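In the text below, chain A, chain B and the rest are named by the order of the sequence lines, each starting its count at 1. In this text, all values refer to a predicted model and were calculated from it rather than measured experimentally.
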There are 2 protein chains.
Amino acid sequence: MTETRTATPERPYHHGNLRDELLAAAEATLRERGQEQLSLRELARQIGVSHGAPRRHFADRQALLDALAITGFGRLDDALRAALEETGEDFPSRLRATAGAYVRFATDSAALLELMFTTKHREGAEAVREAAAPAFVRLDALIVQGQRSGEVAAGDTEQVSIVLFATLQGIATLINGDMVDLSRLEDLTDQATEQFLRGQRPLG
Amino acid sequence: MTETRTATPERPYHHGNLRDELLAAAEATLRERGQEQLSLRELARQIGVSHGAPRRHFADRQALLDALAITGFGRLDDALRAALEETGEDFPSRLRATAGAYVRFATDSAALLELMFTTKHREGAEAVREAAAPAFVRLDALIVQGQRSGEVAAGDTEQVSIVLFATLQGIATLINGDMVDLSRLEDLTDQATEQFLRGQRPLG
DNA sequence: ACCTGAACACCGTTCAAGT
DNA sequence: ACCTGAACACCGTTCAAGT
């Protein structure tokens with residue numbers, strides 16, 4: 001029971017884990033109050049370091065936001081992979097599982113999604129784009145499967161997968177922006193996937 | 001050639017047109033440097049009024065951004081209407097014209113688009129949503145035309161039009177966020193519209 | 001190697017006061 | 001009715017200095 005074990009322990013000079021703590025605190029603030037309300041100084045205060053300390057780990061505010069976006073893409077890819085592991089092998093099942101997982105992630109993490117997709121005209125944005133690649137590749141692979149099984153017309157795979165990606169992303173944007181009610185999410189996603197299946201079915 | 005006619009004329013006490021000038025200057029800054037770089041104080045400096053003056057016309061920074069978003073929706077609707085006036089009467093032509101006009105507007109005014117569609121959890125957002133209504137109604141009317149002509153399957157009109165809207169919005173988001181190159185815009189839009197036409201064609 | 005703390009140049013917002 | 005200008009409480013960023 002020494003002085004150094006109080007409720008707010010005097011931290012040793014070297015904090016040791018600041019980067020991860022900053023990211024965790026930033027993500028919580030992002031979810032609760034949005035990107036614009038996220039302040040480096042406030043994060044430092046919450047964690048108990050001086051306002052200059054974050055600088056060692058993130059060159060500036062934007063670098064921290066980029067890091068959040070990058071982890072976001074990782075989590076998106078994890079969500080898509082997990083959904084595919086729990087579904088059947090046929091193309092329609094995999095399409096529906098992917099679409100459902102995407103829009104669920106996107107509407108559950110609206111502020112994070114915004115960070116992930118509004119990257120334009122920034123330095124360091126290259127790293128964010130690279131982080132997005134696995135999710136795009138996963139969509140691409142899904143379309144390739146559909147083309148092999150004959151359920152998706154032959155053609156420019158990437159073009160088809162981008163339009164599919166765009167549709168899911170757009171549905172999430174309309175809902176996250178309160179233009180469309182969240183209660184319509186499932187029906188809209190079904191509409192999009194069934195329309196995709198019909199629109200892609202090779203003409204007999 | 002009196003003292004009151006210098007290059008920077010001494011303005012009369014009552015400015016008279018401050019609201020419109022603020023909006024115009026704000027839109028230019030938005031386009032050139034993005035929303036985050038837009039500062040009320042800097043706008044006031046550019047126009048030549050005190051930093052407190054904007055307060056008479058916009059309660060706060062967000063109110064000015066909302067006003068920009070609202071004028072953006074008006075301009076979007078204008079663009080859609082203009083495109084429809086220049087095309088044929090058949091449904092596929094009108095679908096293609098609408099889609100093309102939408103993605104052109106959306107990629108030409110990327111920062112404005114972001115303002116228009118990220119409205120969540122804000123007061124005064126109601127006015128922004130209302131401003132969006134005409135564009136949604138226009139898409140709805142287009143789908144109704146397609147259903148009447150038999151080129152779109154009968155069903156929930158709004159659901160179909162929202163998915164179409166979402167697809168176009170998503171394509172623009174991916175391009176504006178530099179995830180997809182602008183050069184692919186036209187092909188992606190064509191892919192989306194042709195897939196829509198095939199996916200909606202009633203089964204014979 | 002990592003963090004502190006003062007300093008600088010900005011913000012948005014408020015409000016009494018001027019015309 | 002409309003605008004000014006001082007004041008307040010924040011920011012992000014920089015950097016010499018500490019351990």
- [ ] Evaluate the side-chain proximity of A:Glu42 to A:Ile47: yes if any heavy-atom separation is below 4.5 Å, no if none is.
- [x] no
Paired to C:dC2 by Watson-Crick or G-U wobble criteria (both distances under 3.5 Å) is D:dG18
Residues B:Pro134 and B:Ala131: closest non-hydrogen pair is CD-O, 3.3 Å
Taking the side chain as C-beta and beyond, is there a heavy-atom pair between B:Met116 and B:Leu76 under 4.5 Å? yes
| message | Counting only side-chain nitrogens and oxygens, does B:His57 get under 4.0 Å of the OP1 or OP2 atom of D:dC2? | response | no
Is any side-chain heavy atom of A:Gln191 closer than 4.5 Å to a side-chain heavy atom of B:Val160? yes
When both distances are under 3.5 Å in a Watson-Crick or G-U wobble arrangement, the nucleotide paired with C:dG12 is D:dC8
Given protein heavy atoms under 4.0 Å, the one-letter contact record of nucleotides 7-15 of chain C, with B base, S sugar-phosphate only and - none, is simply B---SBBB-
Original post:
Taking the six-membered ring where the residue is Trp, are the ring centres of A:Phe117 and A:Phe73 under 6.0 Å apart?
Top reply: yes
Atom CG of B:Asn17 and atom P of D:dC2 are separated, to the nearest Å, by 12 Å
**OP:** Starting from the C-alpha separation in whole Å, work towards a yes-or-no answer on salt bridge (charged side-chain N to carboxylate O under 4.0 Å, His left out) for B:Arg75 and B:Asp78.
**Re:** CA-CA 5 Å; B:Arg75 227 171 291 164; B:Asp78 291 344; over 6 Å; no
